[in-house]
Every structure is written in structure tokens, then in C-alpha cells.
Asks: 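Questions regarding the structure given below will be posed in turn.
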Amino acid sequence: MLPKAYEPQEVEKKLADKWQNAHLFAAKADPNKKPFVIVIPPPNITGALHMGHASTNTLQDVLIRAHRMFGEDAYWVPGTDHGGIATQNVIEKKLAKEQHKSRHDLGREEFVKVVWDWYNECGNAIYTQFRKMGWALDLSDIRFTMDDKRARAVYECFKQWWDKKYIYRGKRLINWCVRCSTALSDIEVEHLPENGHLWHLRYKGEDGSDGIVIATTRPETIYADAAIAVNPKDKRFTNMVGKKVIIPLANRAIPIIADEAVEMEFGTGALKITPAHDATDYEVGKRHNLPVMSVINDKGKMVNCPSTYLGMDRDACRKQTVKDLDEAGLLVKEEKYNHAVSKCYRCGSAIEPFMSEQWFVKMDEIAAPAIQAAQTGELAFHPANWKNPFLNWLKNIQDWCISRQIWWGHRIPVWYCRDCSKSGLTFATDLQGKEQLTKVSFEDGAKPIVSFDKPAQCPHCHGHDLVQDPDVLDTWFSSALWPMSVFGWPEKTPEMAHFYPTSVMVTGYEILYLWVARMVMTGLNFTGKLPFKDVYLNGIIRDKSGQKMSKSKGNVIDPLDMTAKYGTDAVRFSLLMQAVPSKDIPYSEESITGARNFCNKLYNASRFILMNMQGINGPLAMPTDVTELADVWILDRFTQAIKTAREGIEKYNLALSANTLYHFLWDDFCDWYIELAKQRFQTDEKEKVMALCVHILYNTLKALHPFIPFVTEEIAASLRPYVGAKEEFLLNDSYPVANETWTNENAQCQMAVVQGITKQIRTIRSQFNVPPALKITAVVSAADDKDLQTVRAYESYIKLMAKVENLTVGVNEPKPKQTATATFENLAIYVPLSGLIDFEKERKRLEKDLALAKANIASRQARLSQENFLKHAPQEQIDKTKAELAAAQTTLAQVTASLEDLAA
RNA sequence: GGAUCGGUAGCUUAGUUGGUAGAGCGUCCGCCUUACACGCGGAAGGUCACAGGUUCAAGUCCUGUCCGGUCCACCA
């Protein structure tokens, strides 16, 4: 005998292995089928999967499994991302912790080797987790953004863009992370609020006057000031423009200039211009031809400043500068100030705007086709409201800084000849005593040779001593090519021909610009086709109280812990039940128990049906002569549920599908159909009822399989012999199709009467504490015999479901003594309860009903007395209101009579 | 500063073209009724943030306000 509660752990392990070993998820590339393709957003190899991965990948898995069952050539491409800075940081921390070493202690080559070892370890851990989650990814054929084929794709892109002059080298103010010691692109910078200070500093006039007071949050940069700027409209400073003031502590004279960029209302209305350390100032400086002078170097240390501060850390220098200014009497005011500070999105340290020569991609031409695709709707967003932010970003796109001064990543495929590029190359000796190229300057004469492999000789001077550019590419550079590179692009592979473009990109909105936009641009640029036509942006997982999950807050829920505890299906289903478009998902352990309970319910319903199958030889054919109300009704319910489930999948509203199937299975199938079937198991109808049970259940399993693959697969295996299904796996079966001939509104109405009366009697039983074992009698009465036809026909249903022994149905039946009464539509329901009835309770119940009936009558009468309502409302609305009025009046009469009886 | 999403029962929320509000959890009551106590039956609980407007009719459409969230932006 099967255990009473479903125990997922063993089942899931068994099935996960079975699926993978059967290569169930492998690419079929069947030319006769419509492809449905998703490429996975490759997780970074920075550690274990978190709830965000669980969520987004489960959504993709449902789509893939469902479309496979729709008969399409569904293929989900697996892989991982090398993760650039993020991964390098993880390894650096690991090295520091385990060996007290920095990457410099190892040297570049050795360090990169360590990261590759880590990939083999961590990558495998991730693939194991893919398998555990039941995701339909063929793990015998995986991709990694740094493997050979993907590296080739990266090179091809670089080469083509270089040839088209999209890629160029330029010196400008870039975002520099002092901790990661690398440049970052604009979108890798986060602007986070910080409680800082606004210092008001006096710059004395060169002529010895009081000069001008400026406000700044960065006093340590005053040594790099090039000017003081005021708004040209600002009358306070009109006569000062053109004069010179002295930088405090540095004793250097700078001019006062006028520029529109200065906000008159902010601070003192005067702004110090420091072109080397602020992007706005850089622009102002360019307009006024100001010199650019850096006082902070790439390590965050002070340089080119008064000797007292030389070599100091920028933060320490800030403190010291403020102190010294105060002592010099030049600190006018210090106020607390909450403002946004640029932070590195990977390590959180403050970004330093930094003058530096870097590699860039010119974006405007590449962006243009993407803008058009979004505008025309060829590229569709789900939910649609992301279209505008997407367009906005593209229209204001800046050139993309693609070089990173880190070690882990795709090395820039550019080489230099040590002979003829000499003047532009800077070398340094690393801790291993090896000479390393550390800096390249095109301005100073470095001549690039673009090549994947080391060229045999220099094309310019035929020298043989060539060195590769020290930088690596932004990790998003390879990600941008992902939907093509996974299929072997730039090679003309059969996969590329069959599977590209893909169908939908499912990912979080936080990487819409970082990733999605770039895939769209590169895809269009290289293939002329969108990499996908739909973008499905899922919400992010938050904790119960709406907070983002983070390790520091201690509110993370580990999906692997949860699957171990409740089963993978439970974790998946809980996520899916809440996957409403455009909403973040508040997640807590309680939400998983609900889903776990559902899986258990499904399992037990199946167990019950299988128990009753004993002694019956399958397969049973689906009955064709279905006339019994319960059967007709459940087929209608099933049809409606399937229709909605499919619709949800097609419209990327998986919560709708999940909820619909949940209620169909639990409320309709278990609570009503199976309960009614129990009675029929005792009759010669048994085999027919069993056939229906088994077929409906099997089809429900199919419908649910994309959502909860394990438990459905497990049950299906036992059920197959009875339905005559051939496929070994549900995934190879077809998704149920709504059978319109099963739609039956009349059955819905009739069943509603049965359910309504049953509920009323149950309520009475409950209110008067009638023991469940005690059979009671009941009377259903109406003024008109036609209202009683359904009740008469399905007396047996009511008797079973409400536990009624004798049910009397008749026109104007007399009300027995000591009776609880209730009404349903035009029906009066009497339940004689001699000895059990509590008159006071009954009176309260009836008075409540009375009040409700009166309120209903009043509102319907009010509406019907409006001429405009009768004139404008559709006839069916008017009829409905009239019917409601009539019903309420009947109820009122019945309740009034009951109350009078009670008083007597 | 701009944009955008949301404010519905104690909590988390669903609500498809406007027709008078559903669910899960929690609470309370009664039940181990021959699948399931991860269960069954029942109950309580909502002037759908606020103010206007359109309409015969507004949770649903429009305008404004308040309160949250998020994204973008060079206010030092």
C-alpha cells in the first residue's frame, strides 16, 4: 500500500535521473515541428542558486514543458556565465580566507587557473541543482560563456565591430571602482542614498578679499579644482565672474566662471569645478577649456596634492582636509546631508570618476534597429509597461565602456608589438618576477593588432615580440551574444538555422538594460533578426514583508533547503501560484506549505482512485454516453479549467493557470466529484465512473505536469495502464485540449442548486451542532413545481453530501415543528431538529437573513424604479435584477413566516 | 526632477471587455465521515486609500490628493 502522505524526496531523485538519462530534454531540431526555444539566463558561477534563479527558471521550465506538450519542438538551452568581476571577487575572498593570499601573490596565470578549477567545481554544483529542480535542461550538452565556442563568438563580434569602427579606444572620465581596480560601464553603477555632509568652504579672493563660499560633499578633491562656477543669472555673483580665488590649503588661483549647469538654489549657489573627479564638472570643464588634473589615483590614494596629504587614502584625506580647513578658519559650515552616492554594483564601494583610456563601443547605430523593433511592437514586453523604459534607455544610450582591468574574463583580442608600439606600452614586474603589460596608450603610440591567437609577427615592423592587451571584456559583452553563441554562431550551424531566433526571453527586470537590451542590439546587428520576439520580465522574490532578500538582512530563503523539506514540486508550485505579471513575489515558508498540501491532495486523490481500481482490468475507454449530471458537470468544469490553463500559459500568466488547476482539482474534482462518486462505486455504474475518474485525473496530471513535474509523473506511471497511454513520460504526451462539446451550462445551473441546498443544510447542521454521524430529515419546498425539478432529480446527491436520510420535496410542503429553516433562491429548506434546536440561535440566524433580504429588495427596487436604468441597461441585466428581486421577496416571505412560527 | 507599479478581509493577495467582491494563510466552532488532520464541514471578517468626474451602473474608466515600492536622471 502507498504511504498516506506523499514523500517527494526519493521520487524526485529517481525521476530527475531518469529524465536526464533518457535525454528527455535534448534538442530534437525536428524540421517538421515549430520550434519553441528559450535560452537560459546563465547563472554566474559565484555560488549556489538562490530563490531568484528558482523563480525565473521555473517559469521557463513551465513554458518549455507546456510547449513541448503542445506539440512544438521545445528546447531550453542550458549554460552558465563566467561572471567577470563578481566571480573574481568571490575567488579573491576565498583566497584571502583560505590561504591569506591576494591574486597578486598567485600572479595572473595561476589565478586564472584557480578560477577555472572553481568553475569545474561550482559549475557542476549548479548543474546538479538544475537537475534537482527538475528543470527541463539537457545537462549532457551545456554551454559556458568562456568555453571555446563562446570565446570564438566574442572574438567575431569584437572583430566585426572593430572593422566597422564601432569599437574604439578613447580617453575620458569613466567610472572607476577603487576596490575592484577596474573601469565599469554606466549601468554597472548604482546610486545609493548615503548620510553624508555638505561642507561650505571659503575660497578667498586673489586680491585678498573674502572671495566666495562654495558647498561640496567632496572636500578632498579641492586640490584638483579648476574653477569656481556660478549661474550666469545669479545676481549675487555677477561682479565676481572673471575674478580669481585661491584654493584653500593648496594656495593655487582659479577663475570664477559662469555656467548654466549651476543651480542657484543649491548650497551657496557657487560650485567648485573639478573636471577630473566629477562627470558634471568634466562637461563644464570642456565647455570652458579648463585643465583636467587628477589628485586621486587608481588605488584611491592622493597624488598631485599638497605634500601633507600625499599618499593618503581618499577617505582619510577628506577628514584631514576638513579638519585643516576648520583650523584655517575656512570651513564656514558643516551640515548633514543625505544624497545619492555612486557605488560599484559588485562590491558596493564608492565609485571614483577617473580619467583613463579605455575600450568603448559606439552605440547609436547599433541601437537604432532595436529602438525600431520596440516601437513597432515586433519586440513585445510582458508586462507591456516595460516598453517605455526600454525605449527611453535606448534613445539616451551612451557609448559602452567594455574594458575591465581584471583578470577573469575574455581577454581583449588585441596585440601589440613591443618594438613598434613601445612608446604606448607600460610594463611592470609582478610578484612572480614576470614582466607584465600593465597599461596601453593609443595616444602615446600603441598600435593594435586584432587577432584571436597571438600573431606570428607584427604586420607593421615584422617584429616577433607581441603582447596581448592586459584588459578583459565586460562580462555582459559575452552575455550579449548568448542567444546566438549558444547555437555556435558565427558558424552556420544547423542549430542556429533551426532554433534562432528564440521564442521568449524570461528574466528579471533588473537586467533589462544590462543584458536584454544588449542581446536585442547585437542580435539585430549580426543576424538582422531579433534574438527573441517576447520579453517576459518576472518579478523579484522578496520576503514576507516585501524586503529584498539579502544575506546581510538574514532574510534569505534557500530554495535547496526548501526543496529538501517540502519537495521541489511544492517550491515550484508556490512560486507559480504567485507569478502574477508585473508583481514581485512576497515569499515565505508558509506559502510553500500550501503548495505542498496541494501536491499531497493530488497524490491522495490518485491513491483513492487507484485503490478503487483494484479488480478492474485496464485500459478503460473514455465513456461516450455521458448523461449523469455529476459526469456532465465535471467534464464541463474540466473543459473550462483546461481552457483557462492554456490561456494563462499563452499569455505568460502562469499564476492564472496554476490557480485554475488548483481549484479544479481540489474544489470540483475532489470535494464534489469524487465524493459523489463514492456512492456510485457501490452500483453497477462503477466501471463507468472509474473510467471517468481515471481519464479526468490523467488529463489533469498532464495539465499540471509543466507546473509540478515530479508528482504528476510519479502518479501517471501507475495510472497509465488504466487509460491505455503509451508514452513513458508525460512530457512526450500531449497537453489536454478543451473539448467544447463538453461545455454544458445547464449542468452548471443544476449543480449549483444541488450545491446551494447542500451548503444550507450543512450550515444548519454545523450551527446546531448536529453530530456528523446523525442522519437527519429535510424538506425542500417551493411555490412552483418547476423550481423543484432539479431537486427531485438529484435528491440522492443532496442526501449524500448533506448526510440527509429522508428528503421530502414538494410544492408548498408544510413546515414541520421544531425546525431550522433556510432558503436558496426560490426554495425553502426545512430541517426538523427536535431536541437539538436552539431557538435563540435560530432567531438570530433568521433575523440576519431577514435584514439581508430587505437590503436586497431595497437595492433592486431602487434600481428598477429608475427610468434610466430601464432605458439604458441591457435587457438581460434588467431581467437579472427582476429575478433577484423576486428571489429576495420569496426569501423575505419565508423568513418572516419562520420567525412568526418561532415566536408562536 | 522624470517615469512607472501598487494601496481590496488580521496577513498575502485574485479580479480578464464597467453589472454590485473571490482565494490562500491566520482566527473561531464541529469532526480521525472506509484517499488525504499536509484532511473534512461550517462561521466570523471588506463603505475595494481619499476626493471629484464620466455612466442607468465604477474595485474596474478619467482627473486630482495622500501613502508605499521600483527604475531612470550630472543638483555639487
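By convention in this document, chain letters (A, B, ...) are assigned in the order of the sequence lines, proteins followed by strands, and residues within each chain are numbered from 1. Because the structure is a prediction, the values reported are computed rather than measured.
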Asks: Rounded to whole angstroms, how far apart are CG on A/L665 and P on B/rG39?
Replies: 13 Å
Asks: Students often get this wrong, so: under 4.0 angstrom with heavy atoms, is A/K871 touching a base, only sugar-phosphate, or nothing?
Replies: nothing
Asks: Using the side-chain hydrogen bond (donor to acceptor under 3.5 Å, both in side chains) definition, which of the options A/D278, A/T221, A/T216 pairs with A/K272?
Replies: A/T221
Asks: When you measure from the side-chain N and O atoms of A/K583 to the phosphate of B/rU12, is any distance below 4.0 Å, counting only OP1 and OP2?
Replies: no
Asks: Pairing donors with acceptors under 3.5 angstrom, does anything connect the side chains of A/Y566 and A/E589?
Replies: yes
Asks: Working to the nearest 0.5 angstrom, can you tell me the gap between A/I296 CD1 and A/M355 CE?
Replies: 14.5 Å
Asks: When the C1' atoms of B/rG24 and B/rA14 are considered, how many whole Å apart are they?
Replies: 10 Å
Asks: Any chance the side chains of A/Y513 and A/N392 put a donor and an acceptor closer than 3.5 Å?
Replies: no
Asks: Report yes if the distance between the aromatic ring centroids of A/F669 and A/F608 is under 6.0 Å, otherwise no.
Replies: no
Asks: Between atom CG in A/L864 and atom P in B/rU20, what is the gap in whole Å?
Replies: 14 Å
Asks: Which nucleotide sits closest to the side chain of A/R607: B/rA35, B/rU16, B/rC5?
Replies: B/rA35
Asks: Can you check the A/I878 CD1 to B/rA57 P distance for me, whole Å?
Replies: 14 Å
Asks: Test the A/K601-A/Y662 pair against the cation-pi criterion, namely NZ or CZ under 6.0 angstrom from the six-membered ring centroid and within 45° of the ring axis.
Replies: no
Asks: On a whole-Å scale, what distance lies between the P atoms belonging to B/rG69 and B/rG52?
Replies: 28 Å
Asks: State which of B/rU20, B/rC56, B/rG30 makes the closest approach to the side chain of A/R863.
Replies: B/rU20
Asks: For the side chain of A/R596, counting heavy atoms from C-beta on, which of B/rU33, B/rC38, B/rC29 is nearest?
Replies: B/rC38
Asks: Quick check for you: to the nearest 0.5 Å, what is the distance between A/I696 atom CD1 and A/L701 atom CG?
Replies: 12.0 Å
Asks: With rounding to the nearest 0.5 angstrom, report the CD1 to CG distance, A/I187 to A/L512.
Replies: 9.5 Å
Asks: If you look at every strand shown and take non-hydrogen atoms under 4.0 Å, does A/W666 touch a base, only sugar-phosphate, or nothing?
Replies: sugar-phosphate
Asks: Contact class for A/C599 vs. all strands (heavy atom < 4.0 Å): base, sugar-phosphate, or nothing?
Replies: nothing
Asks: Classify the side chain of A/K601 versus the base of B/rC36 as yes if they form a donor-acceptor pair under 3.5 Å and no if they do not.
Replies: yes
Asks: Suppose you measure atom C1' in B/rU13 against the same atom in B/rC36; what distance do you get, rounded to whole Å?
Replies: 27 Å
Asks: Has the side chain of A/E675 got a donor or acceptor atom sitting under 3.5 Å from an opposite partner on the base of B/rA35?
Replies: yes
Asks: Going 5' to 3' along nucleotides 70-76 of chain B, which nucleotides have protein heavy atoms under 4.0 Å from the base (write B), which only from the sugar-phosphate (write S), and which from neither (write -)?
Replies: SSS-BBB
Asks: Restricting to pairs with a member in residues 756-769 of chain A, which pass salt bridge (charged side-chain N to carboxylate O under 4.0 Å, His left out), not counting sequence neighbours?
Replies: none
Asks: Going by side chain to side chain contact (heavy atoms under 4.5 Å, CB included), name the residues that satisfy it together with A/R863, two or more places apart in sequence or in a different chain.
Replies: A/R860, A/F869, A/T881
Asks: Tell me the interatomic distance from A/Q877, atom CD, to B/rA57, atom C1', rounded to whole angstroms.
Replies: 9 Å
Asks: Could you state the atom-to-atom distance from CG of A/D667 to P of B/rA23 in whole Å?
Replies: 9 Å
Asks: Provide the distance between the two C1' atoms, one in B/rU17 and one in B/rG7, to the nearest whole Å.
Replies: 25 Å
Asks: Does a side-chain N or O of A/N597 approach OP1 or OP2 of B/rG39 to a distance below 4.0 Å, or not?
Replies: yes
Asks: Pick the P atom in B/rC28 and in B/rU55, then give their distance to the nearest Å.
Replies: 50 Å
Asks: Check every atom of B/rU13, B/rA35, B/rC56 against the side chain of A/P586 and return the nucleotide holding the closest atom.
Replies: B/rU13
Asks: B/rU4 phosphate, OP1 or OP2: any side-chain N/O from A/K387 under 4.0 angstrom?
Replies: no
Asks: What's the NE2-C1' distance between A/H663 and B/rC25, to the nearest Å?
Replies: 13 Å
Asks: Does one side chain, of A/Y587 or A/S55, offer a donor that lies under 3.5 Å from an acceptor on the other?
Replies: no
Asks: Please state how far atom CG in A/L656 lies from atom P in B/rG15, giving the value in whole angstrom units.
Replies: 8 Å
Asks: Below 3.5 Å between N/O atoms, which protein atoms pair up with nucleotides 41-46 of chain B? Just atom names and distances, please.
Replies:
{"from": "B/rG41", "atom 1": "O3'", "to": "A/R762", "atom 2": "NH1", "distance (Å)": "3.4"}
{"from": "B/rG41", "atom 1": "N2", "to": "A/S766", "atom 2": "OG", "distance (Å)": "3.4"}
{"from": "B/rG42", "atom 1": "O3'", "to": "A/T763", "atom 2": "OG1", "distance (Å)": "3.2"}
{"from": "B/rG42", "atom 1": "O2'", "to": "A/S766", "atom 2": "OG", "distance (Å)": "3.3"}
{"from": "B/rA44", "atom 1": "OP1", "to": "A/K848", "atom 2": "NZ", "distance (Å)": "2.3"}

Asks: Would you give the length of the straight line joining atom CD1 of A/I878 to atom CG of A/L864, rounded to the nearest 0.5 angstrom?
Replies: 8.0 Å
Asks: Mind checking the P distance from B/rG18 to B/rA57? Whole angstroms is fine.
Replies: 15 Å
Asks: Using the C1' atom on both, measure B/rU34 against B/rG39 and round to a whole Å.
Replies: 15 Å
Asks: May I ask you to say what A/P874 touches in the nucleic acid, namely base, sugar-phosphate or nothing, with a heavy-atom cut-off under 4.0 Å?
Replies: base
Asks: According to the Watson-Crick and G-U wobble definition with distances under 3.5 Å, which dot-bracket string, read 5' to 3', encodes RNA chain B, using [ ] for crossing pairs and | for pairs with another strand?
Replies: (((((((..((((.....[..)))).(((((.......))))).....(((((..]....))))))))))))....
Asks: Is it true that A/F381 and A/W386 have ring centroids separated by less than 6.0 Å?
Replies: no
Asks: Can you name the side chain to side chain contact (heavy atoms under 4.5 Å, CB included) partners of A/V262, sequence neighbours left out?
Replies: A/A229, A/N231, A/L271
Asks: Please measure how far the P atom in B/rG46 lies from the corresponding atom in B/rG2, and state the result in whole Å.
Replies: 39 Å
Asks: Please determine, for the side chain of A/A873, which listed nucleotide (B/rA14, B/rG19, B/rA37) has the closest atom?
Replies: B/rG19
Asks: Please give, in whole Å, the distance from B/rU33 P to A/R765 CZ?
Replies: 14 Å
Asks: Say you draw a straight line from NZ of A/K803 to CE of A/M801; how long is it, rounded to the nearest 0.5 Å?
Replies: 8.5 Å
Asks: Tell me which nucleotide among B/rA35, B/rU12, B/rC36 gets nearest to the side chain of A/M611.
Replies: B/rA35
Asks: Nearest nucleotide by nearest heavy atom, which residue falls closer to the 5' end of RNA chain B, A/F869 or A/N612?
Replies: A/N612
